[in-house]
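Any value given below was found using the heavy atoms of this structure, including those in side chains, with hydrogens, waters and symmetry copies removed.
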Amino acid sequence: MEVSRGELEAGSACWRRSSKRAGRIECEARRQIKGGGLRVNDTAVTDEKMILKPSDLTPEGVIKLSMGKKRPVLLKPA
């Protein structure tokens, strides 16, 4: 999934981005965070207010979002 570089630099709420891709409602994404089920680049998210930023990009230039045991979503800056 592509995300604009401007949106990434401005900050994008992690839970909002993951809930949109997973087709779930926002409260479900927040529950996943509280339960340790949301991961960014294979690291569990513990802060509900975490903001995705350019420093979260991997050396490959993507951000990997995983919710539960679902297939991960790769965010690519456009």
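Of the options Leu74, Asp56, Leu57, Val73, a side-chain contact (heavy atoms from CB on, under 4.5 Å) to Val62 is made by Leu74 and by none of the others.
Rounding to the nearest 0.5 angstrom, the gap separating the CD1 atom in Ile33 from the CE atom in Met50 is 9.0 Å. Taking CD1 from Ile63 and CG from Leu52, the interatomic distance works out to 5.0 Å, rounded to the nearest 0.5 Å. Atoms CG and OG1, from Asn41 and Thr58 in turn, are 6.0 Å apart once rounded to the nearest 0.5 Å. Residue Leu65 holds its CG atom at 6.5 Å from CG of Leu38, rounded to the nearest 0.5 Å. Between atom OG1 of residue Thr46 and atom NZ of residue Lys34 there is a gap of 13.0 Å, rounded to the nearest 0.5 Å.
Residues Pro72 and Ser66 come closest through the heavy atom pair CB-OG, 3.5 Å.
The side chain to side chain donor-acceptor pair (under 3.5 Å) check on Lys64 picks up Asp42, with sequence neighbours excluded.
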